[in-house]
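Read through the structure below, which is laid out as structure tokens, and then see the notes.
None of these values were measured; they are calculated from a predicted model.
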Amino acid sequence: QVQLVESGGGSVQPGGSLRLSCTASGSLVSSNTVSWYRQAPGKERELVATITNDGVFSTEDSVKGRFTISRDNAKNTVYLEMNTLKPEDTAVYYCNIARWDRQYWGQETQVTVQYWGQGTQVTRSS
């Protein structure tokens, strides 16, 4: 019944930009807190950015000044604008909607930040 569709992942060189999107059904985006998480290989999942139903947003120190979270209620979509990307930003990214009674997770989208020719570039998106 509830679907969270992520898109916008891909491969980019350091200093480049990507915008992730998370679209949900119903009024989940407008009525609840939406967050972006990421998990890099060998690391724990970490919170990246959050926006509440009241429009209060925040980003973690590691991405502050480079990433921006925003919401379009008409489109039931939350965005994560990522600028000045670094290799350390390489991870699988997840959107999360925290309703009062339970959480909803997106399908995962891969972000890879690496110089071209530095290893094999493989990108997965959803």
Side-chain angles (χ1 to χ4, degrees):
Q1 182 177 352
V2 175
Q3 294 180 310
L4 303 184
V5 180
E6 297 183 19
S7 63
S11 297
V12 66
Q13 294 191 75
S17 300
L18 289 171
R19 187 171 78 165
L20 305 184
S21 300
C22 177
T23 300
S25 60
S27 59
L28 288 175
V29 169
S30 62
S31 301
N32 301 282
T33 295
V34 185
S35 300
W36 285 97
Y37 289 81
R38 68 184 182 186
Q39 186 168 23
K43 298 183 179 180
E44 295 185 349
R45 181 191 298 167
E46 65 174 342
L47 177 65
V48 178
T50 296
I51 185 168
T52 72
N53 60 308
D54 294 325
V56 179
F57 63 91
S58 63
T59 55
E60 298 306 296
D61 290 341
S62 62
V63 304
K64 197 175 297 293
R66 301 187 297 116
F67 290 14
T68 302
I69 186 170
S70 62
R71 181 182 64 206
D72 187 335
N73 289 336
K75 298 180 179 180
N76 296 317
T77 300
V78 169
Y79 303 98
L80 184 66
E81 179 71 32
M82 305 183 295
N83 299 309
T84 319
L85 284 161
K86 304 176 179 180
E88 309 90 270
D89 297 317
T90 296
V92 175
Y93 285 71
Y94 307 83
C95 64
N96 170 274
I97 299 180
R99 209 173 72 176
W100 68 271
D101 57 337
R102 72 176 181 128
Q103 299 185 67
Y104 302 88
W105 289 91
Q107 307 95 326
E108 305 178 3
T109 187
Q110 176 71 43
V111 171
T112 302
V113 185
Q114 190 175 22
Y115 286 108
W116 306 133
Q118 188 177 1
T120 302
Q121 300 296 310
V122 180
T123 301
R124 183 188 74 228
S125 63
S126 63

- [ ] Determine the interplanar angle of the Y94 and W105 rings, folded into 0 to 90°, and report it as parallel if under 30°, tilted if 30 to 60°, perpendicular if over 60°.
- [x] perpendicular
Open item on the list: Strictly distance-based, threshold 3.5 Å: is any side-chain N or O of T52 a donor or acceptor partner for the main-chain N or O of V56?
Closed with: yes
Open item on the list: Quick check for you: to the nearest 0.5 Å, what is the distance between E81 atom CD and L18 atom CG?
Closed with: 8.5 Å
Open item on the list: Are Y79 and Y93 linked, directly or through intermediate hydrophobic residues, by side-chain heavy-atom contacts shorter than 4.5 Å (ILVMFWY only)?
Closed with: no
Open item on the list: I'd like to know if the side chain of Q107 and the backbone of L4 have a donor-acceptor N/O pair within less than 3.5 Å.
Closed with: yes
Open item on the list: With a 4.5 Å cut-off on side-chain heavy atoms, are Q114 and T90 touching?
Closed with: no
Task: Closest non-hydrogen atom pair between W36 and L20, with its separation - done: CH2-CB, 3.6 Å
- [ ] Locate the shortest heavy-atom distance separating V29 from A24; write the atom from each residue and the value.
- [x] CG2-CB, 3.9 Å
- [ ] Please tell me if the side chains of T68 and F57 come closer than 4.5 Å, counting only heavy atoms from C-beta onward.
- [x] no
Open item on the list: So, taking the atom named OG1 in T59 and the one named CG in L47, what distance separates them when rounded to the nearest 0.5 Å?
Closed with: 9.5 Å
TODO: Could you grab the distance from atom CD of Q39 to atom CD of E46, nearest 0.5 Å is fine?
DONE: 9.5 Å
Task: Any side-chain heavy-atom pair of Q13 and L85 under 4.5 Å - done: no
Task: Euclidean distance, S27 OG relative to N73 CG, rounded to 0.5 Å - done: 9.5 Å
Open item on the list: Could you check whether S31 and N53, counting side-chain N and O atoms only, form a donor-acceptor pair closer than 3.5 Å?
Closed with: no
Task: Shortest non-hydrogen separation from N83 to S17 and the atoms involved - done: OD1-OG, 2.9 Å
Open item on the list: Contact between R71 and V34 at the side-chain level, heavy atoms closer than 4.5 Å - yes or no?
Closed with: no
Task: OH-CD distance between Y37 and E60, expressed to the nearest 0.5 angstrom - done: 9.0 Å
Task: Pairs touching residues 84-106 that satisfy salt bridge (charged side-chain N to carboxylate O under 4.0 Å, His left out), sequence neighbours left out - done: R38-D89, R66-D89, R99-D101
Open item on the list: Could you measure the distance from the SG atom of C22 to the CG atom of L80? Nearest 0.5 Å is fine.
Closed with: 10.5 Å
- [ ] Before giving the answer on side-chain contact (heavy atoms from CB on, under 4.5 Å), spell out for W116 and S11 the whole-Å C-alpha distance, their side-chain angles and the decisive distance to 0.1 Å.
- [x] CA-CA 9 Å; W116 306 133; S11 297; 4.1 Å; yes
Open item on the list: I'd like to check L28 versus N76 (side-chain heavy atoms, cut-off strictly below 4.5 Å). Are they in contact?
Closed with: no
Open item on the list: Does atom NZ (K64) have a neighbourhood of more than 12 heavy atoms from anything else shown, all under 6.0 Å?
Closed with: yes
Open item on the list: If we count only N and O atoms by modelled type, under 3.5 Å, do the side chains of T23 and T77 hold a donor and an acceptor together?
Closed with: yes
